[in-house]
Amino acid sequence: QVQLVESGGGLVQAGGSLRLSCVVSGRTFSNSAMAWFRQAPGKEREFVALISWSGGTTSVSNSVKGRFTISRDNAKNMVYLQMNSLKPEDTAVYYCAANWRGRLSDRPYEYNYWGQGTQVTVSS
């Protein structure tokens with residue numbers, strides 16, 4: 001059974017930093033494309049960042065560009081989201097997602113598996 005488990009969320013003041021982690025188990029991780037999405041109350045799920053299977057291609061949304069960085073460690077089956085200069089509008093539940101075909105996309109429906117999410121709250 002495939003499992004994605006996020007961790008690292010929490011409460012932080014505006015301007016602070018958090019590092020989210022996602023561990024993948026149950027299936028070969030190294031060929032998959034990975035992404036982070038987020039969802040705030042009353043809003044649709046929003047693309048945040050993606051990374052190719054090799055880590056050679058990354059992309060982040062315009063709303064987090066210059067502040068967030070995605071990375072992965074295939075030896076550890078881990079993907080990370082480093083979040084700096086956090087703003088109150090970054091408050092959301094953050095989800096890790098996997099596409100086993102390796103397809104890079106900013107669309108949630110392209111991803112086969114999802115974690116349960118981790119809450120990030122940024123206070124002003």
Not counting sequence neighbours, which residues clear side chain to side chain contact (heavy atoms under 4.5 Å, CB included) with [X]? List them please.
X   : value
S7  : S21
Q39 : R45, Y95
K65 : V60, N62
S54 : S52

What's the verdict on side chain to side chain contact (heavy atoms under 4.5 Å, CB included) for R72 and I70, showing C-alpha distance, side-chain angles and the deciding distance?
-> CA-CA 7 Å; R72 67 189 292 164; I70 188 171; over 6 Å; no
Where do [X] and [Y] come nearest, in terms of heavy atoms and distance?
X    : Y    : answer
E110 : R101 : O-NH2, 4.2 Å
A14  : S124 : CB-CA, 4.4 Å
A92  : Y94  : O-CD1, 3.4 Å
L11  : S123 : CD1-CB, 4.3 Å
M34  : A98  : SD-CB, 3.5 Å

Are F68 and L50 grouped together when hydrophobic residues (ILVMFWY) are joined by side-chain heavy atoms under 4.5 angstrom apart?
->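 No, because F68 and L50 fall into different hydrophobic clusters, even though each may have its own neighbours under 4.5 Å.
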Common cluster, V120/L4, ILVMFWY with side-chain heavy-atom separation under 4.5 Å |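 Looking at the clustering, L4 is in the same group as V120.
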Does anything in residues 46-83 pair up under disulfide bond (SG atoms under 2.5 Å apart), and if so which pairs, sequence neighbours excluded?
->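 Non-adjacent pairs meeting disulfide bond (SG atoms under 2.5 Å apart): zero.
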What pairs meet the disulfide bond (SG atoms under 2.5 Å apart) rule with one or both residues in residues 64-124, with sequence neighbours excluded?
->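 Matches after skipping sequence neighbours: C22-C96.
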Do any side-chain atoms of residues 76-83 form donor-acceptor pairs under 3.5 angstrom with protein atoms, and if so which ones, sequence neighbours left out?
unit_1, atom_1, unit_2, atom_2, d
N77, ND2, V24, O, 3.2
Q82, NE2, N84, OD1, 2.9

So how far is it from [X] [atom1] to [Y] [atom2], rounded to the nearest 0.5 Å?
X    : Y   : atom1 : atom2 : result
D106 : S59 : CG    : OG    : 7.5 Å
I51  : T57 : CD1   : OG1   : 9.0 Å
S61  : W36 : OG    : CH2   : 14.0 Å

Checking [X] now: which residues fulfil salt bridge (charged side-chain N to carboxylate O under 4.0 Å, His left out) with it, not counting sequence neighbours?
X    : value
R67  : D90
E89  : none
R107 : none

Side chain to side chain contact (heavy atoms under 4.5 Å, CB included) between L18 and L86: does it pass, once the steps are laid out?
-> CA-CA 8 Å; L18 283 174; L86 282 160; 4.2 Å; yes
Do [X] and [Y] have side chains that approach each other closer than 4.5 Å (heavy atoms only, starting at C-beta)?
X    : Y   : value
T121 : V12 : no
V23  : Q3  : no
T118 : L20 : yes

Which residue pairs pass the salt bridge (charged side-chain N to carboxylate O under 4.0 Å, His left out) test when at least one of the two sits in residues 3-19, sequence neighbours left out?
->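 The answer is none; no pair qualifies.
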Has the side chain of T91 got a donor or acceptor atom that lies under 3.5 Å from a matching backbone atom of V122?
->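 At least one qualifying donor-acceptor pair exists.
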Pairs meeting criterion ring pair (Phe, Tyr, Trp, His ring centres under 6.0 Å) with involvement of residues 97-124, two or more places apart =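 Qualifying pairs: F37-Y111, F37-W114, W100-Y113.
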Please report the C-alpha distance between V93 and R38 in whole Å, then the side-chain angles of each, then the deciding distance to 0.1 Å, and finally whether the side chain to side chain contact (heavy atoms under 4.5 Å, CB included) criterion is met.
-> CA-CA 5 Å; V93 177; R38 67 186 182 186; over 6 Å; no
